[in-house]
Amino acid sequence: MDDQRFRYVSDTEKHEVRRYRFGEKNGTVVAGGNGKGNRLNQLNFPVYVYVDQDQSVYVSDTNNQRVMKWVKGAKQGIVVAGGQGEGNNLTQLSYPQGVFVDQSSTVYVADGRNHRVMRWCKEVTQGDVIVGGNGVGAEPMQLNCPRSLSFDRYGIIYVVDYQNHRVQRFSIEVTN
């Protein structure tokens, strides 16, 4: 839900994200909606959504190994993380899950099958690993299929470490 009380729902079967007003039944497509695919106006299994104060919609486009940003009213998205095929290089993601965007437009992504959380600063071509990236495992600095993430007001990141059945808390250096 955004600060204007619109609700956003990702539909993995229709490969789209819709915005709903309270009481509305059909909603409005705000991302994807052009069938399954990898073009800039398509999504392939969108799972997590983040909406910023400008109502830009960030979508973890899971099967396309990328995170897309759809500015309010746009007909196509912009790749803001990944998009270079599946892999573990700093330009790649492997089944991105949870996404969070801070006030400086830095994108944080739970990189599911790479067992890490990545940070992508605005207008960069590669990200950096901020949590995990030490192989799959259950040690304190390891993750096993991170799914979701959030920050508290102190900049502490909380990561749902799905296969380890836990939520981990990390203090990270915040970008400016």
Side-chain angles (χ1 to χ4, degrees), residues 1-3 5-20 30-32 43-70 77 79-83 86-88 90 92-122 127-175:
M1 183 183 301
D2 67 17
D3 59 359
R5 300 180 50 95
F6 286 105
R7 290 171 181 82
Y8 295 78
V9 178
S10 62
D11 187 327
T12 57
E13 291 183 20
K14 292 183 180 177
H15 309 284
E16 65 186 24
V17 176
R18 287 185 175 263
R19 180 181 67 214
Y20 294 86
V30 295
L43 298 169
N44 186 350
F45 206 77
V47 287
Y48 285 87
V49 175
Y50 181 88
V51 182
D52 70 13
Q53 291 179 338
D54 298 325
Q55 291 183 322
S56 291
V57 177
Y58 294 79
V59 182
S60 56
D61 189 11
T62 302
N63 288 346
N64 283 326
Q65 319 304 335
R66 64 188 183 186
V67 175
M68 300 287 291
K69 175 183 179 181
W70 295 66
V79 178
V80 294
E86 182 181 3
N88 64 1
L90 295 178
Q92 296 176 303
L93 297 169
S94 183
Y95 294 88
Q97 300 291 308
V99 60
F100 180 88
V101 182
D102 68 18
Q103 291 181 347
S104 63
S105 298
T106 299
V107 177
Y108 298 84
V109 183
D111 190 8
R113 289 194 185 163
N114 283 326
H115 314 290
R116 64 190 183 185
V117 175
M118 294 194 67
R119 171 176 53 202
W120 298 69
C121 296
K122 189 175 182 178
D128 61 304
V129 178
I130 60 166
V131 173
N134 302 308
V136 61
E139 295 300 317
M141 289 304 293
Q142 290 182 309
L143 300 171
N144 189 348
C145 297
R147 284 278 174 92
S148 186
L149 49 93
S150 64
F151 283 82
D152 67 17
R153 63 184 171 160
Y154 304 107
I156 304 295
I157 186 172
Y158 297 86
V159 180
V160 175
D161 192 7
Y162 181 70
Q163 291 294 341
N164 282 326
H165 311 286
R166 64 187 180 188
V167 175
Q168 289 208 73
R169 176 182 186 260
F170 300 94
S171 179
I172 62 165
E173 185 178 323
V174 178
T175 62

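Because the structure is a prediction, the values reported are computed rather than measured.
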- [ ] Using the side chain to side chain contact (heavy atoms under 4.5 Å, CB included) rule, take Q142 and V136 through it: C-alpha gap first, then chi angles, then the decisive distance, then the call.
- [x] CA-CA 6 Å; Q142 290 182 309; V136 61; over 6 Å; no

Task: V51 vs D3 side-chain heavy atoms within contact, under 4.5 Å - done: no

Task: Whether Y50 side chain and V101 backbone form a donor-acceptor pair below 3.5 Å - done: yes

Task: Close side-chain approach of L93 and W120, heavy atoms under 4.5 Å - done: yes

Open item on the list: Side chains of P46 and H15, heavy atoms from C-beta outward: is any pair under 4.5 Å?
Closed with: yes

Task: Atom pair CZ (R18) and OG (S10), whose distance is rounded to the nearest 0.5 Å - done: 12.5 Å

Task: Stepwise side chain to side chain contact (heavy atoms under 4.5 Å, CB included) check, D152 with Y158 - done: CA-CA 8 Å; D152 67 17; Y158 297 86; 3.0 Å; yes

TODO: Go through the steps for F100 and V107 under the test side chain to side chain contact (heavy atoms under 4.5 Å, CB included), then give the verdict.
DONE: CA-CA 6 Å; F100 180 88; V107 177; over 6 Å; no

- [ ] Answer yes or no: is there a side-chain heavy-atom contact under 4.5 Å between I172 and F151?
- [x] yes

TODO: Can you sort out the partners of S105 under side chain to side chain contact (heavy atoms under 4.5 Å, CB included), two or more places apart, ordered by chain and number?
DONE: K122

- [ ] With rounding to the nearest 0.5 Å, note down the distance linking CG in D2 to CG in D54.
- [x] 11.0 Å

Task: Rounded distance (nearest 0.5 Å) linking atom OG of S94 with atom CZ of R113 - done: 6.0 Å

Open item on the list: Donor-acceptor check, side chain of N114 to backbone of G87, threshold 3.5 angstrom: yes or no?
Closed with: yes

TODO: May I ask you to decide if M141's main-chain N or O and N134's side chain share a donor-acceptor pair within less than 3.5 Å?
DONE: yes

Task: From CA spacing to verdict: side chain to side chain contact (heavy atoms under 4.5 Å, CB included), D11, V9 - done: CA-CA 6 Å; D11 187 327; V9 178; 5.7 Å; no

Task: Result of checking V99, V79, V80 against M68 for side-chain contact (heavy atoms from CB on, under 4.5 Å) - done: V79

Task: Heavy-atom side-chain proximity of Q97 to L149 below 4.5 angstrom - done: no

TODO: Among T62, D111, V109, V59, find the residue that satisfies the side-chain contact (heavy atoms from CB on, under 4.5 Å) test when tested with V67.
DONE: V109

TODO: Please test D102 against S104 for side-chain hydrogen bond (donor to acceptor under 3.5 Å, both in side chains), starting from the C-alpha separation and ending with a verdict.
DONE: CA-CA 6 Å; D102 68 18; S104 63; 2.9 Å; yes

Task: Any donor-acceptor pair under 3.5 Å from S60 side chain to Y48 backbone - done: yes

Open item on the list: Testing the basics here: between A110 and S148, what is the closest heavy-atom pair and its distance to 0.1 Å?
Closed with: CB-N, 4.4 Å

Task: Non-hydrogen atoms of R116 and Q92 that approach each other most closely - done: NH2-O, 3.1 Å

TODO: State which residues pass side chain to side chain contact (heavy atoms under 4.5 Å, CB included) with Q168; sequence neighbours excluded, sorted by chain then number.
DONE: L143, D161, R166, F170

